[in-house]
Amino acid sequence: MTILITGARGKIGQAIIARLHTAGLPVRAASANPAELTVPDGVEKTELTSAAFDGVSQVFLYPSPDGVAAFIKNAQAAGVEHVVLLSSASVLAPNADNDPLALESLLVERALAASDLTCTFLRPDAFATNALGWAYQPKPIHHAYPDATIAPIHPEDIADIAVEALTGTALRGRHITLTGPEQLSFREQLAVISEVTGRDFPIVKITHEEAEIQMGRFMPPNMAGSLLALWAAATEHPVAIAETTHSLLNRPTRTFRQWVAENSGAFLS
């Protein structure tokens, strides 16, 4: 039976497709613009219409509240056995209903939970790739909460766990919070980037209000406020290490330093 991957243009979707195809499993890649997809030879490309579900047993789903009702209807009609949702750890926050970082994932989780589909929710915390934003910022980096401590996860680890959820049974039906293997403040992350690249990435603390103005230049105010509140909380209460590829798959967990080494060119351009 075929495995359908939605959001197939994203890095995690692409990584999952590559792993499944290499394993010889039938894979179908779905996107709003399938003609623009780059996939291995033999991987079918499709739009996410009812026809995309023909013969599908498993689905990897990116969260999109606008299309979730149609998705559930089509998946149920096709007899899909299992859905693996790429959700977010932000859904666990006490104010998730009012948090723009959490709301899309939360609405999709609730819709799936109300259906009769068997679902696994993967809830990664901060992605290591978020650090790419610093590559394009003027130096020094200005930050209101340089000592906010998180546990960034390598996207390849998310792909490994998603593939296990799609092809095995041990993770099926679980709601799993995912992190990387180590707690790092933003100050410590920038120190790692400096060490790996040989280029200095200093950080300067600014006020919450200054950060609101700075971030408001490139994101909606409610999104900036949500991020700043998250970082303020992570300064007082560092994000705990949750499940990793080591705890779930008994495989080495990729570190933030490893991610920086793999992407050092972005910080040197």
Side-chain angles (χ1 to χ4, degrees), residues 3 5 7 10-25 27 58-63 82-93 101-102 105 109 118-132 147-193 195-196 230-231 233-235 237-264 266:
I3 301 174
I5 309 299
K11 289 188 178 298
I12 292 174
Q14 288 272 309
I16 294 169
I17 290 167
R19 284 161 168 75
L20 295 173
H21 182 67
T22 298
L25 297 171
V27 184
Q58 309 264 349
V59 181
F60 177 76
L61 180 65
Y62 268 60
H82 180 214
V83 176
V84 176
L85 173 69
L86 181 63
S87 185
S88 167
S90 60
V91 302
L92 301 172
L101 293 174
S105 293
E109 280 200 12
T118 299
C119 299
T120 299
F121 297 161
L122 302 182
R123 295 167 170 165
D125 207 88
F127 285 29
T129 48
N130 292 346
L132 281 172
D147 297 305
T149 299
I150 59 176
I153 185 170
H154 196 301
E156 295 288 335
D157 281 0
I158 300 173
D160 283 344
I161 293 165
V163 168
E164 177 62 29
L166 288 164
T167 60
T169 58
L171 306 184
R172 184 170 293 201
R174 293 177 58 181
H175 300 170
I176 309 170
T177 302
L178 305 175
T179 66
E182 55 191 341
Q183 295 172 307
L184 292 169
S185 68
F186 292 126
R187 193 188 303 277
E188 290 168 333
Q189 290 178 51
L190 284 163
V192 171
I193 294 170
E195 290 170 13
V196 171
L230 181 69
W231 296 337
T235 302
H237 304 285
V239 171
I241 294 170
E243 300 284 11
T244 66
T245 51
H246 178 70
S247 64
L248 293 172
L249 310 180
N250 197 29
R251 300 180 197 169
T253 305
R254 296 172 179 87
T255 65
F256 181 74
R257 182 178 292 272
Q258 181 177 344
W259 177 84
V260 174
E262 294 166 354
N263 295 274
S264 60

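Count residues from 1 along the sequence.
Here the side chain of Asp125 pairs no donor or acceptor atom with the backbone of Ala89 at under 3.5 angstrom. In this structure, the side chain of Thr149 does not engage the main chain of Ala234 through any donor-acceptor pair within 3.5 Å. At least one donor-acceptor pair closer than 3.5 Å links the side chain of Thr255 to the backbone N or O of Gln258. Between the side chain of Ser105 and the main chain of Ala102, no donor-acceptor pair closer than 3.5 Å is present.
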Side chain to side chain contact (heavy atoms under 4.5 Å, CB included) between Ile3 and Phe60: does it pass, once the steps are laid out? CA-CA 8 Å; Ile3 301 174; Phe60 177 76; 5.7 Å; no

When you look at His82 and Val59, which way does the side chain to side chain contact (heavy atoms under 4.5 Å, CB included) test go after all the steps? CA-CA 7 Å; His82 180 214; Val59 181; over 6 Å; no

Could you walk me through whether Glu188 and Val192 pass the side chain to side chain contact (heavy atoms under 4.5 Å, CB included) check? CA-CA 6 Å; Glu188 290 168 333; Val192 171; 5.7 Å; no

Output, in order, the C-alpha distance, side-chain angles, deciding distance and verdict of side chain to side chain contact (heavy atoms under 4.5 Å, CB included) for Leu61 and Val84. CA-CA 6 Å; Leu61 180 65; Val84 176; over 6 Å; no

Without placing hydrogens or testing angles, list every side-chain donor-acceptor pair under 3.5 Å for residues 161-182, not counting sequence neighbours.
{"from": "Thr167", "atom 1": "OG1", "to": "Val163", "atom 2": "O", "distance (Å)": "2.7"}
{"from": "Thr179", "atom 1": "OG1", "to": "Ala242", "atom 2": "N", "distance (Å)": "2.9"}
{"from": "Glu182", "atom 1": "OE2", "to": "Phe256", "atom 2": "N", "distance (Å)": "3.4"}

Cut-off 3.5 Å, no hydrogens considered: what does the side-chain donor-acceptor table look like for residues 13-25, sequence neighbours left out?
{"from": "Gln14", "atom 1": "NE2", "to": "Ala8", "atom 2": "O", "distance (Å)": "2.7"}
{"from": "Gln14", "atom 1": "NE2", "to": "Thr38", "atom 2": "O", "distance (Å)": "3.1"}
{"from": "Arg19", "atom 1": "NE", "to": "Asp160", "atom 2": "OD1", "distance (Å)": "2.7"}
{"from": "Arg19", "atom 1": "NH1", "to": "Ala15", "atom 2": "O", "distance (Å)": "3.3"}
{"from": "Arg19", "atom 1": "NH1", "to": "Glu156", "atom 2": "OE1", "distance (Å)": "3.0"}
{"from": "Arg19", "atom 1": "NH2", "to": "Glu156", "atom 2": "OE1", "distance (Å)": "2.6"}
{"from": "Arg19", "atom 1": "NH2", "to": "Asp160", "atom 2": "OD1", "distance (Å)": "3.0"}
{"from": "His21", "atom 1": "NE2", "to": "Asp41", "atom 2": "O", "distance (Å)": "3.1"}
{"from": "Thr22", "atom 1": "OG1", "to": "Ala18", "atom 2": "O", "distance (Å)": "2.8"}

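Ile12 contributes atom CD1, which lies 12.0 Å from atom CD1 of Ile5 (distance to the nearest 0.5 angstrom). Atoms CD1 and CD1, on Ile153 and Ile241 in that order, are 11.5 Å from each other to the nearest 0.5 Å. Distance check, rounded to the nearest 0.5 Å: OG of Ser88 to CZ of Arg123 gives 9.5 Å. One finds the CG atom of Leu132 at 6.0 Å from the CG atom of Asn263 (value rounded to the nearest 0.5 Å). Note: Phe127 CZ to Ile150 CD1 = 11.5 Å, rounded to the nearest 0.5 Å.
Residues Ala240 and Gln183 approach most closely at CA-NE2, 3.9 Å, considering heavy atoms. Residue Ala261 comes nearest to Val196 through the heavy atom pair CA-CG1, 3.8 Å, listed as atom of the first residue, atom of the second, then distance.
No side-chain heavy atom of Thr245 sits under 4.5 Å from any side-chain heavy atom of Pro252. Taking 4.5 Å as the limit, every side-chain heavy atom of Thr244 sits out of range of all side-chain heavy atoms of Asp157.
For the side-chain contact (heavy atoms from CB on, under 4.5 Å) with Trp259, the lone residue among Ser264, Pro152, Pro155 that qualifies is Pro155.
Between Arg257 and Glu195, at least one side-chain N (NZ, or NE/NH1/NH2) sits under 4.0 Å from a carboxylate O, which counts as a salt bridge.
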